[in-house]
Amino acid sequence: MAENKETKPKKEFSLREKLDEFSAWFKKFLLKIKFDVWKGWLYLLPCIGLLLVFTVWPIINTVRISFLEGYDSLGAIGGATFNVGVGNFTRVINAPRFLTCLKNTLILCVLTVPISTILALIIAVCLNAIKPLRRFLQTVFFLPYVTNSIAIGMVFAAMFKMVGSHFGTGNEYIQTAGIMNTILGVFGVKPVNWINEGSTYAANITVMVVYIVWNALPFKILILLGGLQSVNKQYYEAAKIDSTPRWRVFLRITVPLLSPMLVYVVITGFIGGFKEYSSIVGIFGEGMGAPGAKGSLNTMVGYIYDAISNTQYGIASAAALILFAIIFVVTMINLYVSKKKTHY
Amino acid sequence: MEEKKNVLPEETSSEKATQAPETLVKGVMHEQNMQQVSTKQRIVKIAVQTGLYVFLGFMAIVVLFPFYWMLISSVKSMTEYEANPPTLWPKVFVFHNYVEAFNAANLGTLFGNTIYVGLISTGLSLIITVLSAFAFARLEFKGKNVLFGFLLATMMIPGELFTITNYQTVVDFGWLNTYTVLIVPFLVSVFYIYLLKQNFMQIPNELYLAAKVDGTTDFKYLWKVMIPLALPTLISITILKMMGAWNTYIWPKLVANDEAHRLITNGLRALSFTDEATQKTNIPVQMAAVTMVSTPLFLVFVFLRKYIMKGVSRSGIKG
């Protein structure tokens with residue numbers, strides 16, 4: 001008993017000593033493995049892990065697959081080998097369906113980017129020139145941004161759609177032209193078949209352009225108005241002293257000073273335009289075209305997704321790389337042109 | 001003159017600036033002449049201002065009209081909707097459309113799925129973003145700049161390029177038709193890391209060093225100092241991420257389009273809202289569904305407009 005009493009405090013003491021010893025050793029160990037150096041990587045571990053699986057590997061694999069002719073994933077698991085070549089690319093480029101998609105995408109881009117940019121610029125300049133109600137109107141113009149492009153696409157479809165209606169007796173079928181045609185009728189425009197069966201390609205594209213521009217305005221107005229508000233007021237005062245006409249002030253002062261923002265808005269507009277897909281789904285549904293003309297409005301992204309759905313990964317990869325190349329080239333051209341014309 | 005300009009509010013100073021030179025230049029003219037000039041200028045100014053308001057008002061109506069049409073169509077009866085010419089204000093309000101839409105589209109499940117996926121992916125994504133941004137902003141380690149440059153470079157590549165392989169990957173993992181497949185592949189957003197890193201860098205490094213001297217752990221410092229100071233950015237990221245979950249369409253359609261895991265946008269598009277009696281799309285019911293899907297977005301916008309606009313103006317990404 002006596003011995004025990006003596007040893008107990010001694011034991012505790014030794015335990016603490018051991019703990020101290022251990023922590024000192026651990027600190028040394030951490031120093032030895034340079035914990036501070038690795039700490040950064042430790043923090044980044046989840047980020048890097050996910051990026052490796054879902055970003056880095058896809059880049060490598062997509063490029064690899066695109067050069068394997070006739071690639072199919074089941075065959076690959078079974079150990080089949082594929083010829084290396086540009087067969088996927090030539091097949092994509094020669095496919096009429098791809099050319100339709102490319103044409104649609106280009107037409108939408110070329111029409112919507114300038115229209116929305118110019119309109120946004122005008123609205124932003126006007127907003128910048130007023131004092132009362134500016135905040136309120138700014139909010140109103142930003143509203144379309146916080147929408148679901150599929151949901152509001154369905155609203156646009158309803159606005160442009162002609163609706164049939166039965167009036168009592170079975171055979172009597174009356175077409176109502178839809179609210180858009182009614183409004184245009186006030187200005188003397190004859191009803192147009194916008195998106196119903198048998199509608200023309202031009203009418204369909206018009207509806208898409210209206211919707212995409214409506215959808216693209218908020219972001220552009222926000223950026224351009226932000227740019228306008230940071231412009232040095234001295235330039236305008238100098239112009240006022242010289243009594244320069246307003247349009248000249250606009251072209252010679254506002255546009256050059258805004259050019260960095262304009263470039264930004266145009267580039268993001270083109271990138272978004274080349275990836276156009278869900279706004280078309282919103283209006284025309286997954287058929288990507290008016291009833292009876294399915295796929296007539298399909299875009300590049302739509303083509304890629306169709307190929308994935310049909311497990312044609314080689315084709316999809318090649319098309320995705322072509323899309324990337326186009327976006328890259330257009331962005332570079334934009335930057336090159338803007339470098340010559342931009343005033344920073 | 002210049003000293004005064006600094007003291008005076010902007011408006012008056014700019015007015016002075018315009019008037020002063022005129023008096024200088026036209027000082028030799030008759031007073032009557034001058035008055036004429038100034039009234040003329042005033043008339044022009046008023047006309048220009050009126051023109052601006054007319055134009056902006058017209059554009060505002062154009063922008064708002066689809067929302068108005070969505071709302072009034074959602075409470076019209078089918079017969080009234082098809083009336084020619086269309087009525088601009090419903091004669092009879094049919095609120096039953098909303099009940100019908102809610103049941104037909106199974107909106108309860110869709111809302112639940114979307115909120116679940118949105119909350120979890122936002123939470124996890126915030127953790128990853130904060131840790132990564134902290135490492136890039138405060139810690140010194142080899143290869144940091146190279147890694148960050150690489151991350152920024154991946155932002156240039158369109159997402160479609162990743163989708164193909166990611167689809168194969170999730171099929172291999174057996175993740176098809178699960179919540180995981182909707183959450184995990186998009187947890188890392190390089191742009192948000194970039195945004196938060198910039199924000200963290202604005203916090204003086206001395207604070208961090210002082211905390212280190214006091215023996216504060218990194219986590220405590222992050223939690224007590226960094227996160228509160230960067231809260232506005234974090235709120236912006238949260239809102240944009242949630243809005244993203246609400247609006248995402250393509251990826252869920254590809255990988256999780258079954259009844260149990262379907263998200264709101266896919267559910268909305270997949271339904272035809274066919275009227276049983278006439279075999280036509282019941283547009284009022286469809287519009288009621290669209291209104292219900294859009295309302296949460298509008299509420300978020302109304303209450304958190306500042307954060308959304310700030311986040312968007314710096315990012316330029318949609319959802």
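These numbers were taken from a predicted model, which means no experiment stands behind them. All chains are named by letter (A, B, ...) in the order of the sequence lines, taking the proteins before the strands, and each is independently numbered beginning at 1.
Heavy atoms closer than 4.5 Å to chain B are found in both the backbone and the side chain of A:P132. Proximity to chain B is limited to the side chain of A:F328, based on heavy atoms less than 4.5 angstrom apart. Using a 4.5 Å cut-off between heavy atoms, B:L56 touches chain A through backbone and side chain atoms alike. Only the side chain of B:I283 comes within less than 4.5 Å of a heavy atom of chain A; its backbone N, CA, C and O stay farther away. For A:T139, the parts sitting under 4.5 Å from any heavy atom of chain B are the backbone and the side chain alike. In this structure, the portions of A:F324 lying under 4.5 Å from any heavy atom of chain B include both its backbone and its side chain. With a 4.5 angstrom heavy-atom cutoff, A:I183 touches chain B only via side-chain atoms. A:Y277 touches chain B through its side chain: at least one heavy atom from C-beta onward sits under 4.5 Å away, while N, CA, C and O do not. Contact annotation for A:I271: neither backbone nor side-chain heavy atoms come within less than 4.5 Å of a heavy atom of chain B.
Residues of residues 46-59 of chain A lying under 4.5 angstrom from chain B, judged on non-hydrogen atoms, are A:P46, A:C47, A:I48, A:L50, A:L51, A:V53, A:F54, A:T55, A:V56, A:W57, A:P58, A:I59 in numerical order.
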side-chain contact (heavy atoms from CB on, under 4.5 Å) for A:S317 and A:V63? Distances and angles first, verdict last.
CA-CA 7 Å; A:S317 301; A:V63 173; over 6 Å; no
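Salt-bridge annotation for A:K39 and B:D218: present, with a side-chain N of the basic residue lying under 4.0 Å from a carboxylate O of the acidic one.
For residues 300-316 of chain A, the salt bridge (Lys or Arg N to Asp or Glu O under 4.0 Å) pairs, not counting sequence neighbours, are A:R97-A:D306.
In terms of the salt bridge (Lys or Arg N to Asp or Glu O under 4.0 Å) criterion, B:K306 has no residue partners (sequence neighbours excluded). Scanning for ring pair (Phe, Tyr, Trp, His ring centres under 6.0 Å) contacts around B:W251 gives B:F186, with sequence neighbours left out.
With chain A as partner, the option from B:I128, B:I250, B:L297, B:L268 having the largest number of non-hydrogen pairs under 4.5 angstrom is B:I250.
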